[in-house]
Amino acid sequence: MQQPIGTPPLRELAAGKNNVVITFDDMTRPTPAFAIAPVVLAELKAAGIKDENILFLGRSRRIAP
């Protein structure tokens, strides 16, 4: 997060912004969203984003039998 390749760090991208939306998949997927979220939140906080201006948007997918 602090030294990405080819783009500025998240805290620089978020600096000066008012609102943030973080999307994540449902818990049936093998992605480690629960482990990544605290790191992302720390970077957003360092950029000056207030907690109340962060929206988590989850996606659930139902697969028919």
Side-chain angles (χ1 to χ4, degrees):
M1 293 279 176
Q2 295 175 349
Q3 296 178 335
I5 298 171
T7 187
L10 179 59
R11 68 174 62 189
E12 288 181 24
L13 293 172
K17 304 297 189 282
N18 295 320
N19 299 297
V20 174
V21 175
I22 299 173
T23 62
F24 62 95
D25 55 10
D26 62 35
M27 300 308 281
T28 65
R29 305 287 176 231
T31 56
F34 65 92
I36 296 170
V39 178
V40 172
L41 290 172
E43 288 294 301
L44 294 174
K45 186 172 217 162
I49 306 294
K50 297 178 182 177
D51 288 346
E52 60 266 20
N53 293 343
I54 299 173
L55 173 68
F56 280 89
L57 182 61
R59 168 85 163 111
S60 62
R61 179 175 171 206
R62 182 178 173 166
I63 300 173

Distance, nearest 0.5 Å, that separates [atom1] of [X] from [atom2] of [Y]:
X	Y	atom1	atom2	value
Lys45	Asp51	NZ	CG	5.0 Å
Asn18	Asn53	CG	CG	7.0 Å
Phe24	Ile36	CZ	CD1	12.5 Å

Next item on the list: Could you check if a side-chain atom of Leu55 sits within less than 4.5 angstrom of a side-chain atom of Asn19, using non-hydrogen atoms only?
Entry: no
Note to self: Would you say Ile49 ends up clustered with Val39 if hydrophobic residues are merged whenever their side chains have heavy atoms under 4.5 Å apart, either directly or through other cluster members?
What the structure shows: yes
Next item on the list: Please answer: with hydrophobic residues joined when any side-chain heavy atoms are less than 4.5 Å apart, are Phe56 and Leu44 in the same cluster?
Entry: yes
Checklist line | Exercise: identify the closest heavy-atom pair between Ala46 and Arg11 | finding: CB-CZ, 3.6 Å
